[in-house]
Amino acid sequence: MVRVSADDETESAVAVDPLTAGGENRDDGDRPRRAFWADAVADEIEARDPEEPIVVKGGVSPSGVPHIGHLNEVMRGYLVAEALRERGREVRQVFTADDRDPLRAVPRTLATLDWEVVSLGDTENPGALGRNLGRPLTDVPDPFGCCDSFGAHQTHLLQRMADAVGVPVEVVSNTDLYEDGGFEEVTRDLLADRERAREVLAEYQASVDPDGDYVPFTPICDSCGKLTGRVVAVDLDGGTVDYVCEDSEAGNRTIEGCGREGTATLREGKLPWRFEWPAQWRVLGVDFEPFGKDHAEGSWPSGEHVSREVLGFEPPVPMVYEWFTYNGEALSSSSGHVVTVDDVLSMLEREVFRYFFTKPPKRARDFDVGGLDQLVDEFDRFEATYFGTVDADEDERSLADRAYPMCVDDVSGSSPVRIPYTFAAVLGMTDDSDLRATMARRSGHLPEDAAPESVSLALARVEKAREWAVRTDNEYNYRLAESLPAVDPTPEAAAALEDLADFVEREAPDGETLQGEIYETARGHGVGVGDFFELGYRLFLDEPEGPRLGPFLAALDRRFVLRRLRREG
RNA sequence: GGGCUGAUAGCUCAGCCAGGCAGAGCAUCUGGCUCUUAACCAGACAGUCGGGGGUUCAAAUCCCCCUCAGCCCGCCA
């Protein structure tokens, strides 16, 4: 349990411990056991008997390159939203771009709207950021020059990220909430009760003096434009505050104030994060919010306390998720160790990527690009479990029953045709889509009678798997040699190739027959089997090794195979 | 220093909430397929459930201590 307050006598708030949220039922044993964590969370939300539409929120401060870690803020909420919708609830999913946050540091890397990750120096206006430290992100020019502000650029990327995974979210700009007056009433309440606000926050932040003059609002200086105003007087009737523009600390650097003494309205500033978060909950009516483990012990307990004791409402059901790593190392938005949604979707089908987020949120997970074939194989089994075409235990079945429909756009009546991912990568050896289909059929991965639509859906995986094989340059990264590779067979091997060509021409063998014939031919000419296979791989792939040669050659165009075996081109 | 979370087969992970034979996939090995070839099939091997203690008829699961990793206890999100 989170201790809400050391000296709280007015109410013994039942603190929900977010660290155990997300799968476990808590204080009662009445709720049913759930195979899918999102259903356990949905149970918890429904237990509060919320008004509809139920609001699920996520949000990020849009500063560096948005990466798959940020997608937790979209996908975890989405899965809970879907669990509720399937129970007949109306749900709104909103996503806040915390774009009034000040620019605190200059990110080393940024992304274009097309997800090209570039260093700041390569943008059109690299000085835009460094010259505007301390200003709200929406008041900083876009270094790319394509959007109204840096904040707008970043928020645009967040929207595109959600679109890319096919999750409909309402993106809400914090700056808009301030400027349109959405935050005005809650700001007024916080200022009216600023002593209480200060006392509560002081329990969580040593820098706040409970008897001091802390005010939970930071005006934007109307002279230098930075979030450096310190409030010296509050006029609630007039709806303004007086401020002095002073130096403020941001990270390990100081943002210089300009000394200006001015007046700002309640729309011309920003609530400190510890108050802004609960303010969002109230203004947007949030019922559920997932957040990263970094929030679990700082902002969540204080936000929960602020919302109950200062603002007077029940905070949302919380859920902490563990962070992802990428190839074993922490993702870093500013330094550029990132994998973007665009990167991922170039290698994975959208439904497979969504499946990744159905795994329990509390466990740290590595997004291991080298092992993506395992993830796809797992998804294929998950899908087959849903359609009942594979043996699975009861837990697997009930999980698939619930979670699979949330991964795909439409559940079709029968299981889609799936080509195993590594084989799909092998098919990427050729760009000829007819040849891909032929090879898939002859290898038994594509039914002869498959409808054209299901063939093209199945073959869509080839581009993804090919991209994966190329990026990781792994053992599935084959390329059909377009022109005759340089080979220098011994006379015996040359004669064997000639015989093999004749056999192929005469018999049009299937893969297994051809595989056997390769052995026979090699032996018949006194050529080492290993050497002969290597010669074959060299001729067709210009590699010393490759897929099983007989089925591989049988799947290729026969005229091409003959020409190549005879070294005619 | 105080706190939160995690650690299960070589690898990736289920199982833990509500105690009941230690699981899956991949990898490995063996065998099969007229056949050493990364796209086939079958079988086998594989774990001190991070370590130690406790509760219990019974502990991966509940409790306590410890180790390691990430995070929080400044700012910020």
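Everything quoted here is computed from the prediction, not taken from an experiment. Labels below follow one simple rule: chain letters A, B, ... track the order of the sequence lines, proteins then strands, and each chain is numbered from 1.
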>> Of the options U5(B), A39(B), C75(B), whose atoms approach the side-chain atoms of Phe423(A) most closely?
In response: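 For Phe423(A), the side-chain atoms sit closest to A39(B).
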
>> Side chain of Arg274(A), heavy atoms from C-beta onward: which of U5(B), G74(B), C73(B) has the nearest atom to it?
In response: C73(B)

Does [X] have a side-chain nitrogen or oxygen under 4.0 Å from the phosphate oxygens OP1 or OP2 of [N]?
X: Lys270(A); N: C76(B); value: no
X: Arg365(A); N: U5(B); value: no
X: Arg363(A); N: A7(B); value: yes
X: Tyr421(A); N: A39(B); value: no
X: Thr325(A); N: G70(B); value: no
X: Lys359(A); N: A14(B); value: no
X: Gln205(A); N: G74(B); value: no

> Do we see a donor-acceptor contact under 3.5 Å between the side chains of Asp99(A) and Thr138(A)?
Replying inline: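 Not at all, the side chains of Asp99(A) and Thr138(A) share no donor-acceptor pair under 3.5 Å.
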
Does [X] reach a base, just sugar-phosphate, or nothing at all? Heavy atoms under 4.0 Å.
X: Arg442(A); value: nothing
X: Pro360(A); value: sugar-phosphate
X: Ser207(A); value: sugar-phosphate
X: Gly530(A); value: base
X: Gly444(A); value: nothing

> Under the 3.5 angstrom rule, does the side chain of Arg135(A) hit a backbone N or O of Pro102(A) as a donor-acceptor pair?
Replying inline: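 Judged by distance alone, no pair lies under 3.5 Å.
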
> Is the shortest side-chain N to carboxylate O distance from Arg418(A) to Glu351(A) below 4.0 Å?
Replying inline: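 Salt bridge present between Arg418(A) and Glu351(A).
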
> For the residue pair His445(A) and Phe423(A), does the interplanar ring angle fall in the parallel (under 30°), tilted (30 to 60°) or perpendicular (over 60°) class?
Replying inline: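 Tilted, since the angle between the ring planes falls between 30° and 60°.
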
> Less than 3.5 Å between a donor and an acceptor, one on the side chain of Gln374(A) and one on the base of G25(B), is that the case here?
Replying inline: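 In this structure, the two groups form a donor-acceptor pair.
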
